[in-house]
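Report on the structure given below.
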Amino acid sequence: RRPISELRFREIKGQGGRALADFVKIEKGLGPDGRIAVVRFDRGDGINAMSPEALRQLTDAARSFEDDGETSVVVLTGGAKSFSAGFDLKDPEGRSRKNMDLGTLRRAVKVGPRLTRAWQDMEQITIGAIEGFCIGGGVALAVALDFRVMARNAHLRVPEIGLGMSMSWQSIPRMLHLMGPARTKQAVILADHRITAAEALEWRLVEEVTEPGQAFDAAMALAAKVAAQPPISVAMTKLTVNRLTHALDELTSHMDGDQFALMNLQSEDHKEGVAAFLERRKPRFRGR
């Protein structure tokens, strides 16, 4: 087996040769028989917001496992202080969306659902290790994984409606499968509500809660249990469960990207929500 350092260097090259080293690093060959990999998303700023480039890098990371028969489990972790603050509203590329025509915008907003689809469709079992806060797009990514482990002092929040937009990236069906309709409405509609680790466990949004700073170790322990199972049987079982669970997801959420794009272009409430967020004030929504 090649040394981890060599594997890391080889795997942090994305499509078209674009380096992923800025935000995403991959380590392979860990755990029982080297069947565990770790993907670390860390922008080094304590916030870990998802710029469009970060989304592309995370998508490339997921796709790098497509032909990997040696890895059974992938643990995805963020920074020590945060899993992710969600989509980066201050990123220049992201902010340029407000000046795009509808056709260009429809293509631009595909980067988010493309990310979550890539992680959901991975043949390997995926486990998220959540420390600190996990917000918006971070939640969308987390619910696309197979399992989630969360530190006791961490929290989740879905702020999209408070910004005058809808929860996108085909996340609603995934949350619905995990929590049921009432809890999904509660999590999404009450945009200011911080979902504590205890609530997330009760709501079935996460599978395990740990002491602060131990989410990654607990995720690796779970990964070791999975990695000890027969790899082909595990992959086939995941595929069967996912196909049954998500069979109607495309039908129910195929328009969420277009709805999001139209809100960006036409909704005054969305413009007000983003402006209020950037100006750190309470938004004044008018239903327009």
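Just so it is clear, the structure is predicted and the values come from calculations on it, not from any experiment.
- For the residue pair Asp68/Thr71, the side-chain donor-acceptor check at 3.5 Å is satisfied.
- Panel note: side chain Ser166, backbone Ser168; no donor-acceptor pair is recorded below 3.5 Å.
- Asp45 contributes a side-chain N or O that, together with a main-chain N or O of Asn48, makes up a donor-acceptor pair within less than 3.5 Å.
- With hydrogens and angles ignored, the 3.5 Å screen pairs no side-chain donor or acceptor of Glu131 with any backbone N or O of Ala80.
- Under the 3.5 Å distance criterion, with hydrogens and angles disregarded, a donor-acceptor pair is assigned to the side chains of Glu199 and His193.
- Checked by atom type and distance alone, the side chain of Asp101 pairs as donor or acceptor with a backbone atom of Gly103 at under 3.5 Å.
- When only modelled atom types and interatomic distance are considered, Arg174 and Gln120 share a side-chain donor-acceptor pair under 3.5 Å.
- The main-chain N or O of Gln170 is found under 3.5 Å from a side-chain atom of Asp256 such that the two form a donor-acceptor pair.
- Cluster annotation: Ile135 and Ile195 are assigned to distinct hydrophobic clusters (Ile/Leu/Val/Met/Phe/Trp/Tyr, side-chain heavy-atom contacts under 4.5 Å, transitive).
- Using modelled atom types, no side-chain atom of Thr210 and backbone atom of Ala218 make a donor-acceptor pair closer than 3.5 Å.
- Seen from the ring of Phe65, Lys28 counts as a face-on cation partner, given the 6.0 Å and 45° thresholds.
- Other residues, nucleotides and ligands contribute at most 12 non-hydrogen atoms within 6.0 Å of the CZ atom of Arg106.
- In this structure the side chain of Glu268 never reaches within 4.5 angstrom of the side chain of Glu272, judged on heavy atoms.
- Looking at Arg117 and Glu250, a side-chain N of the basic residue comes within less than 4.0 Å of a carboxylate O on the acidic one, giving a salt bridge.
- Under the 4.5 Å side-chain contact rule for hydrophobic residues, Trp203 and Leu176 do not share a cluster.
- Looking at Asp88 and Arg43, a side-chain N of the basic residue comes within less than 4.0 Å of a carboxylate O on the acidic one, giving a salt bridge.
- Surrounding NZ of Lys238 are more than 12 heavy atoms belonging to other residues, nucleotides or ligands, all under 6.0 Å away.
- Judged by the 6.0 Å distance and 45° axis criteria, Arg148 is not positioned over the aromatic ring of Phe83.
- Under the 4.5 Å side-chain heavy-atom criterion for grouping Ile, Leu, Val, Met, Phe, Trp and Tyr, Val74 is connected to Phe23 within one hydrophobic cluster.
- Hydrophobic clustering of Ile, Leu, Val, Met, Phe, Trp and Tyr side chains at less than 4.5 Å, counting indirect connections, keeps Ile47 apart from Leu156.
- Following chains of ILVMFWY side-chain contacts shorter than 4.5 Å, one cannot reach Ile125 starting from Val241, and the two form parts of different hydrophobic clusters.
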